[in-house]
Colleague: 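Pasting a structure here, questions to come.
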Amino acid sequence: MDIQKAATALMEAEDVKKPIAPFTSSTEVISVEDAYNIQLYQIQQKVEKGAAIVGKKIGLTSKAMQEMLNVSEPDYGHLLDNMMYRDGETISLTKYIQPRIEFEIAFVLKKDLKGPGVTINDVIEATDYVVPALEIIDSRIKDWQIKFEDTVADNGSSAGAIIGSTTAKLDKLDLASVKMTVTRNGEYLDSATGAAVMGHPAQAVAWLANALGSYGISLHAGEVILSGALSKAIPIEDGDTFTAEFDYLGAVTATFKK
């Protein structure tokens, strides 16, 4: 697989808002290592043009999604400063191709985390606070016809994140039992608990630290880590307002318009 050519094709698709065919449909073989290298090449190019890495996202944390893509572990992508939004913002849909929204708990770190051997307790000890979050996912792959290698190459299908304005410390807080309720345009949409993410959202962060540790990469103090969707991703339509409200954590809202 030509890493630079594949990464350039994804960046052009993002720029012109015209998706490309899946890499996995090509006669050329793409490995998981190729896919992560394609992702990293894009991130390096964007950083060279002035973007800054502010965190990571974890995807495919649910068994259902893993089974759909025939994998046994999550994936990850990078969050850049130009992908981040404040609670309550109105976001233009013209930035995206086929966007969907996910509802998550974000961790903000006060200490570095580097695997191997990172545990849930290590994550909790290294976390400054958690905060409600929405993730905008988008696919630069046509019609979301993705396999694992496609979404990895495409930065974990990440496109943006809305971070809530209320924060919570993890002292005496059981994230696995925290309940989330989601509304769209004021009407009930979905609900879940933190346990939907690998049994405990901190387990997903531990997985990420250990996965990156094998490449000598750390999670850094100050980074935002999106721990994974608590429920299914929802297609975003013009005029939609989504709110995710979490017990003990508060709520986060975003509106989308063309």
Side-chain angles (χ1 to χ4, degrees), residues 32 36 54-79 102-135 137 148 151-152 155-158 161 163-164 167-182 190-233 244 246-250 252:
V32 173
Y36 276 116
V54 296
K56 308 287 191 302
K57 64 78 53 89
I58 307 168
L60 307 181
T61 51
S62 73
K63 285 295 182 185
M65 286 299 298
Q66 289 179 16
E67 289 171 1
M68 187 177 83
L69 296 185
N70 194 30
V71 295
S72 59
E73 67 176 20
D75 71 343
Y76 63 87
H78 289 73
L79 299 177
E102 294 182 333
F103 315 99
E104 314 197 12
I105 295 171
F107 290 66
V108 177
L109 301 180
K110 61 184 178 183
K111 295 182 180 179
D112 291 359
L113 279 172
K114 186 174 181 179
V118 174
T119 66
I120 286 181
N121 286 337
D122 293 330
V123 171
I124 292 171
E125 199 271 333
T127 297
D128 190 5
Y129 57 85
V130 292
V131 62
L134 307 175
E135 183 183 5
I137 59 171
F148 185 70
T151 188
V152 167
N155 195 32
S157 301
S158 193
I163 303 301
T167 64
K169 299 290 187 178
L170 287 180
D171 302 344
K172 301 178 182 177
L173 180 62
D174 178 15
L175 281 186
S177 62
V178 166
K179 184 179 180 181
M180 173 193 75
T181 302
V182 178
D190 207 350
S191 60
T193 66
V197 177
M198 298 180 72
H200 193 294
Q203 181 63 57
V205 180
W207 171 85
L208 177 62
N210 290 324
L212 291 175
S214 64
Y215 297 100
I217 300 172
S218 296
L219 298 179
H220 296 293
E223 284 195 320
V224 177
I225 311 297
L226 298 181
S227 59
L230 273 68
S231 61
K232 62 185 178 183
F246 295 79
D247 290 348
Y248 312 110
L249 306 185
V252 58

Colleague: Compare all side-chain heavy atoms of Q203 with those of V197 and state whether any distance is below 4.5 angstrom.
Modeller: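 Not in contact.
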Colleague: CG/L226 to CG/L79 distance, rounded to the nearest 0.5 angstrom?
Modeller: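 L226 atom CG to L79 atom CG measures 5.0 Å (nearest 0.5 Å).
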Colleague: Is the shortest heavy-atom distance from the side chain of L249 to the side chain of V131 under 4.5 Å?
Modeller: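 No, every pair of side-chain atoms sits at 4.5 Å or beyond.
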Colleague: If we only count heavy atoms from C-beta on, is the T127 to K110 side-chain gap below 4.5 Å?
Modeller: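 No, their side chains stay 4.5 Å or more apart.
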Colleague: Would you find a donor on one side and an acceptor on the other, under 3.5 Å apart, between the side chain of D112 and the backbone of A221?
Modeller: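 Looks like yes, one N/O pair under 3.5 Å.
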Colleague: At their closest point, which heavy atom of A176 faces which heavy atom of G199, and how far apart are they?
Modeller: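 Of all heavy-atom pairs spanning A176 and G199, the closest is CB-O, 3.5 Å.
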Colleague: Could you report the tightest heavy-atom contact between G156 and K57, atom names first, then the distance?
Modeller: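 In this case the closest contact between G156 and K57 is O-NZ, 2.8 Å.
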Colleague: Between atom CD1 of I124 and atom OG1 of T119, what is the distance when rounded to the nearest 0.5 Å?
Modeller: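 These two atoms lie 8.0 Å from each other.
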Colleague: Run the salt bridge (charged side-chain N to carboxylate O under 4.0 Å, His left out) check on D128 and K169 step by step: do they pass?
Modeller: CA-CA 7 Å; D128 190 5; K169 299 290 187 178; 2.7 Å; yes
Colleague: With the side chain counted from C-beta on, respond yes when E102 and I137 share a heavy-atom pair under 4.5 Å apart, and no when they do not.
Modeller: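 Yes, their side chains come closer than 4.5 Å.
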Colleague: Tell me, do I163 and V252 make a side-chain contact under 4.5 Å, heavy atoms counted?
Modeller: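 Of all side-chain heavy-atom pairs linking V252 with I163, none is under 4.5 Å.
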Colleague: Can you name the nearest heavy-atom pair linking V123 to A206, along with the distance?
Modeller: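 Of all heavy-atom pairs spanning V123 and A206, the closest is CG2-N, 3.6 Å.
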Colleague: Tell me the side-chain hydrogen bond (donor to acceptor under 3.5 Å, both in side chains) pairs involving residues 207-216, sequence neighbours left out?
Modeller: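 Those involving residues 207-216 do not exist here.
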Colleague: Would the Y36 and Y76 ring centres measure less than 6.0 Å apart?
Modeller: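 Ring centroids of Y36 and Y76 are less than 6.0 Å from each other.
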Colleague: Would you say N155's side chain and S157's backbone share a donor-acceptor pair under 3.5 angstrom?
Modeller: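 Checking the backbone N and O of S157 against the side chain of N155, no donor-acceptor pair under 3.5 Å is found.
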Colleague: Which is it for H78 and S158 under the side chain to side chain contact (heavy atoms under 4.5 Å, CB included) test, yes or no, and what are the steps along the way?
Modeller: CA-CA 8 Å; H78 289 73; S158 193; over 6 Å; no
Colleague: Identify the two heavy atoms, one from M198 and one from P74, that lie closest to each other, and give their separation to 0.1 Å.
Modeller: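 Heavy atoms of M198 and P74 come nearest at SD-CG, 3.8 Å.
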Colleague: Give the intermediate values and the outcome of side chain to side chain contact (heavy atoms under 4.5 Å, CB included) for residues S177 and T193.
Modeller: CA-CA 6 Å; S177 62; T193 66; 6.0 Å; no
Colleague: For H220, does its backbone N or O pair with a side-chain atom of E223 as donor and acceptor, under 3.5 Å?
Modeller: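 Confirmed, E223 side chain pairs with H220 backbone.
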Colleague: Using every non-hydrogen atom in the two residues, find where V178 and D247 come nearest and quote the distance to one decimal.
Modeller: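 In this case the closest contact between V178 and D247 is CG1-O, 3.3 Å.
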Colleague: Is any side-chain heavy atom of I225 closer than 4.5 Å to a side-chain heavy atom of L219?
Modeller: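 With C-beta onward as the side chain, the pair touches.
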Colleague: Any non-hydrogen side-chain atom of L175 less than 4.5 Å from a side-chain atom of L170?
Modeller: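 Yes, their side chains come closer than 4.5 Å.
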Colleague: Looking only at non-hydrogen atoms, find the nearest pair between I105 and L230 and report the distance.
Modeller: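 Nearest pair, atom of I105 first, then L230: N-CD1, 4.2 Å.
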Colleague: Would you say the side-chain atoms of Q66 pair up with the backbone N or O of L60, donor to acceptor, closer than 3.5 Å?
Modeller: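 Yes, because the side chain of Q66 sits within donor-acceptor range (under 3.5 Å) of the backbone of L60.
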Colleague: Could I get the full list of ring-ring contact (aromatic ring centres under 6.0 Å, His included) partners for F246, not counting sequence neighbours?
Modeller: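 For F246 there are no ring-ring contact (aromatic ring centres under 6.0 Å, His included) partners, ignoring immediate neighbours.
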Colleague: So, do V118 and L208 sit near enough that their side-chain heavy atoms are less than 4.5 Å apart?
Modeller: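 Of all side-chain heavy-atom pairs linking L208 with V118, none is under 4.5 Å.
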Colleague: Please check this pair: side chain of K179 against backbone of S191, looking for a donor-acceptor N/O pair closer than 3.5 Å.
Modeller: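 Between the backbone of S191 and the side chain of K179 there is no qualifying donor-acceptor contact (under 3.5 Å).
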Colleague: Tell me every residue that passes ring-ring contact (aromatic ring centres under 6.0 Å, His included) with F148, counting only those two or more places apart in sequence or in another chain.
Modeller: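 Here no residue qualifies.
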Colleague: Checking the side chain of E104 only, and the main-chain atoms of G228 only, is there a donor and an acceptor separated by less than 3.5 Å?
Modeller: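 Yes.
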